[in-house]
Every structure is written in structure tokens, then in C-alpha cells.
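All heavy atoms count here, side chains included; hydrogens, waters and symmetry mates do not.
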Amino acid sequence: MTTTDATRHHDPAVRGFASDNYSGAHPEILAALALANGGHQPSYGADAYTEHLQDVFRAHLGPRAEVYPVFNGTGANVVALQALTDRWGAVITGDTAHIHTDECGAPERVGGLKLLTVPTPDGKLTPELIARQAFGFEDEHRATPQVVSLTQTTELGTRYTPDEIRAICEFAHERGMTVHLDGARIANAAAALDLPLRAFTTDVGVDVLSFGGTKNGMLFGEAVVLLTPGVARRMRHVRKLSMQLSAKMRFVSVQFEALLAGDLWLRGARHANAMARRLADGVRAVDGVRILHPVESNGVFARLPHDVSERLQKRYRFYFWDEAAGDVRWMCSFDTTEEDVDGFVAALREELAR
């Protein structure tokens with residue numbers, strides 16, 4: 001192989017429902033990367049693309065938003081939570097939250113903070129649930145609750161209304177806590193709610209946002225967005241300390257510009273949500289399948305016989321959510337097609353009939 005040779009190592013015809021991270025990059029994102037390539041630009045975020053990105057985000061989230069691009073979602077959450085907490089600080093979150101279940105302890109081990117979890121059967125926090133851990137603020141023997149972290153859409157595919165988030169923010173702020181929103185799938189929430197992004201973030205009191213791009217067509221990159229001025233100190237230092245400062249940041253920033261300057265973010269999210277609804281409608285008509293949660297974004301959670309899932313996984317990739325119970329998760333993406341969905345439903349019927 002020469003230095004210019006490349007070999008395809010996968011079959012592009014293979015489709016699945018394992019994760020919206022399984023999809024490739026949107027063609028418009030790839031075109032934007034090519035646009036930013038060539039020539040020299042200052043490194044570490046001093047480039048023209050990152051400078052312009054501030055205005056792109058402010059158009060969606062308000063004139064006081066400050067944007068800090070990072071590499072990935074775990075990094076965005078760790079950077080955001082570190083910036084909001086003291087060394088003795090704690091974060092109240094749901095027991096299904098990504099920061100608790102899927103980040104290998106990074107917020108605690110890398111961020112050096114304590115997670116205080118509460119049960120969230122539908123994935124959603126409420127003031128009443130938060131109150132279970134919102135105490136002992138002056139107790140030197142207990143980590144101090146300083147942040148409430150919620151996810152929109154949730155890890156169970158459900159979504160918060162603006163009023164629900166406002167109630168959480170008011171409860172937290174009254175007790176001196178700030179509010180962080182993990183928005184790995186924030187575009188899917190906006191599409192499902194049919195609302196502007198700021199309607200359930202800036203306008204209802206969210207202080208800091210982890211803004212997801214990878215699950216909505218970007219090749220790589222997420223962003224930490226400060227929505228409340230002065231809420232976090234030394235964000236640039238925290239980002240660097242957390243190994244989330246990209247030398248060639250223009251290639252993260254230009255992707256976000258392509259995603260957010262027009263309607264690409266909304267087109268992709270609406271399509272993914274629509275495919276999840278089509279999938280849910282299809283499997284509801286199949287005996288032996290139970291939908292577990294309201295389908296409010298781009299994910300479908302279901303329960304079916306374990307052996308059926310194992311056989312079906314050989315035809316389409318997807319994950320068990322609770323293997324002991326037989327619960328599975330099916331995710332749709334910006335590039336999921338109606339043929340993908342209908343083929344999956346047909347395969348499911350075949351495996352259940354065996």
C-alpha cells in the first residue's frame with residue numbers, strides 16, 4: 001500500500017439501530033470540512049471559524065452565550081461540571097444519566113466531583129426528586145450540592161417541556177445551585193417540541209449547556225456553552241486542563257457552523273425522530289413486543305424475548321438496555337431510511353415467528 005492508497009474496511013450497505021453515533025458524517029458537514037482546509041489558520045481556537053462560531057450560537061441561544069468547542073460529549077460534560085463546582089462540590093443527577101452510567105466515572109475521577117443520584121423511572125428529574133439530595137449545604141462531612149445536571153432528550157428517549165426545566169432551574173437557583181444540561185441530543189428535543197433551542201435552555205434558566213453535534217451528523221466535536229454570564233470561571237483553563245483543547249479547532253467550529261447556520265441541525269433531527277415514530281408504529285403491531293417508554297425523540301425502547309433479540313442482532317445491530325429483563329434500545333439517525341425501518345420490522349416479525 002502506498003501513502004495515497006486507501007481501503008474500505010466495511011460494507012456501506014450494512015445498516016443498524018444501535019446508536020446515532022454509528023452513522024457517518026452528513027455530506028454537508030464533509031463539504032464544510034473541505035472548505036476550512038487549506039492554508040494556515042491560527043491554532044487553539046484563535047482561527048476565523050471559531051471566532052465566527054460565537055455569533056452562530058448566539059443566534060440560537062441569545063447574545064450572552066459563550067461557546068467553547070471540545071472533542072467529545074464526555075469531555076463537554078466533564079469540562080462543564082468542573083467549571084461549576086468547587087473541590088468539595090457535588091452534582092445532583094438522575095440514576096439513568098449518561099454522566100453516571102456511561103462515562104467510566106470520568107466526572108468523578110477526572111473532574112474530581114461527587115455525583116448524587118436519584119431514581120428517574122422515565123429519565124426525567126423533578127424538583128421533588130432533586131430535593132432528595134438537595135440538603136447539607138453547610139455540612140462539612142458531606143459533598144456540597146452545587147449543580148443539577150439534566151439531559152435533554154433523556155437517556156430513555158423522553159423529553160422535558162420548557163415549564164418542567166424552568167421549575168428545575170427555579171428550584172436549583174433558590175438553593176444556590178446552578179443547572180447544567182447535557183444536550184447530546186438537544187436537536188432532537190427541539191425538533192420534537194417544535195421550539196427554538198433557547199426556549200428550553202436560556203429562556204428558562206439553564207446556566208451551562210453541553211451541546212451535541214456528533215449524534216446529528218458531525219464527524220467529531222461537541223461544545224460547552226455558557227448561558228449565564230460569570231457562571232463559570234477560567235473556562236479556557238479548565239478545557240485545557242481536561243485535555244479538550246483542539247489544536248486545529250477550526251475543524252470542529254466549521255462543522256458547527258454548517259450544522260447551525262442554516263437548518264441542517266433541524267432537518268436531521270426531524271428526520272431521525274420521524275423514523276423512530278415509524279419504527280415504533282411498526283413494532284406496536286407485532287405480537288410479543290412491548291414499547292417501554294413514550295417515543296418522544298429518536299429512540300425506541302422495547303421488551304421482547306431474549307432469544308429473538310439475539311437472532312435479530314445478527315441481522316441488524318442494536319444494544320440490550322437491560323439484558324436480564326429483555327429490554328432493548330433502537331436508535332434512529334439522520335440517515336435512517338424508511339426502507340431501513342420497514343426491513344427491520346419485517347425481520348423482527350420473522351424472528352418472532354420462528
Side-chain angles (χ1 to χ4, degrees), residues 33 36 41-58 60-91 93 97-99 102-115 146-151 178-184 186 197 201-202 206-216 218-257 259-260:
L33 285 165
Q41 274 284 293
S43 57
Y44 299 111
D47 59 274
Y49 295 91
T50 303
E51 179 182 0
H52 177 63
L53 189 64
Q54 302 297 320
D55 291 333
V56 172
F57 268 90
R58 284 168 183 163
H60 289 283
L61 297 169
R64 299 189 298 176
E66 296 178 33
V67 185
Y68 297 86
V70 296
F71 286 114
N72 54 48
T74 296
N77 288 335
V78 170
V79 168
L81 295 175
Q82 280 188 101
L84 293 173
T85 52
D86 295 311
R87 290 183 63 192
W88 51 89
V91 176
T93 194
H98 199 270
I99 59 173
D102 288 289
E103 295 186 355
C104 199
E108 294 176 313
R109 296 180 64 86
V110 177
L113 50 89
K114 174 69 174 174
L115 296 181
Q146 293 183 321
V147 183
V148 174
S149 180
L150 60 153
T151 311
T178 54
V179 177
H180 163 256
L181 191 147
D182 181 346
I186 191 170
L197 290 164
T201 55
T202 313
V206 173
D207 297 295
V208 176
L209 168 64
S210 295
F211 197 103
T214 310
K215 290 178 169 61
N216 197 23
M218 282 177 50
L219 183 62
F220 62 91
E222 315 283 305
V224 177
V225 189
L226 305 186
L227 301 177
T228 301
V231 72
R233 297 185 304 112
R234 300 286 188 175
M235 265 296 301
R236 295 181 184 275
H237 293 77
V238 174
R239 179 175 59 178
K240 177 65 174 181
L241 177 68
S242 303
M243 299 171 286
Q244 288 291 317
L245 179 63
S246 172
K248 297 186 178 181
M249 196 180 293
R250 59 171 152 158
F251 295 109
V252 179
S253 298
V254 75
Q255 292 182 77
F256 271 120
E257 181 179 352
L259 194 69
L260 293 170

Compare all side-chain heavy atoms of V254 with those of R250 and state whether any distance is below 4.5 angstrom. no

Any chance you could lay out the side chain to side chain contact (heavy atoms under 4.5 Å, CB included) test for T178 and T228, step after step, and finish with the verdict? CA-CA 10 Å; T178 54; T228 301; over 6 Å; no

To the nearest 0.5 angstrom, please state how far the [atom1] atom of [X] sits from the [atom2] atom of [Y].
X    : Y    : atom1 : atom2 : value
K240 : M235 : NZ    : CE    : 14.5 Å
L113 : L81  : CG    : CG    : 6.0 Å
M249 : D47  : CE    : CG    : 7.5 Å
Q255 : N216 : CD    : CG    : 12.0 Å
R64  : L226 : CZ    : CG    : 12.0 Å
T151 : H98  : OG1   : NE2   : 9.0 Å

Atom of [X], atom of [Y] and distance for their closest heavy-atom approach:
X    : Y    : answer
V70  : Q244 : CB-OE1, 3.4 Å
G213 : L259 : CA-CD2, 4.3 Å
P107 : I99  : CG-O, 3.6 Å
A90  : T85  : O-CG2, 4.5 Å
S210 : N77  : OG-OD1, 2.9 Å
S242 : V79  : CB-CG2, 3.7 Å

Would the number of heavy atoms belonging to other residues, nucleotides or ligands and lying under 6.0 Å from CD of E51 be above 12?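 12 or below, so no.
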
Is there a donor-acceptor contact under 3.5 Å from the side chain of [X] to the main chain of [Y]?
X    : Y    : result
T93  : S149 : yes
D207 : H180 : no
T202 : L61  : yes
E257 : L53  : no

Can you name the one residue among L197, T201, V224, V67 that meets side chain to side chain contact (heavy atoms under 4.5 Å, CB included) with F211?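 Exactly one pass, corresponding to L197.
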
Check for me whether the distance between the ring centres of F251 and F220 falls short of 6.0 Å. no

Among N72, T74, T214, find the one that has a side-chain hydrogen bond (donor to acceptor under 3.5 Å, both in side chains) with E222. T214

Of Y49, F57, Y68, which is the lone residue that meets ring-ring contact (aromatic ring centres under 6.0 Å, His included) with F256?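 With F256 as partner, Y49, F57, Y68 yield a single ring-ring contact (aromatic ring centres under 6.0 Å, His included), made by F57.
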
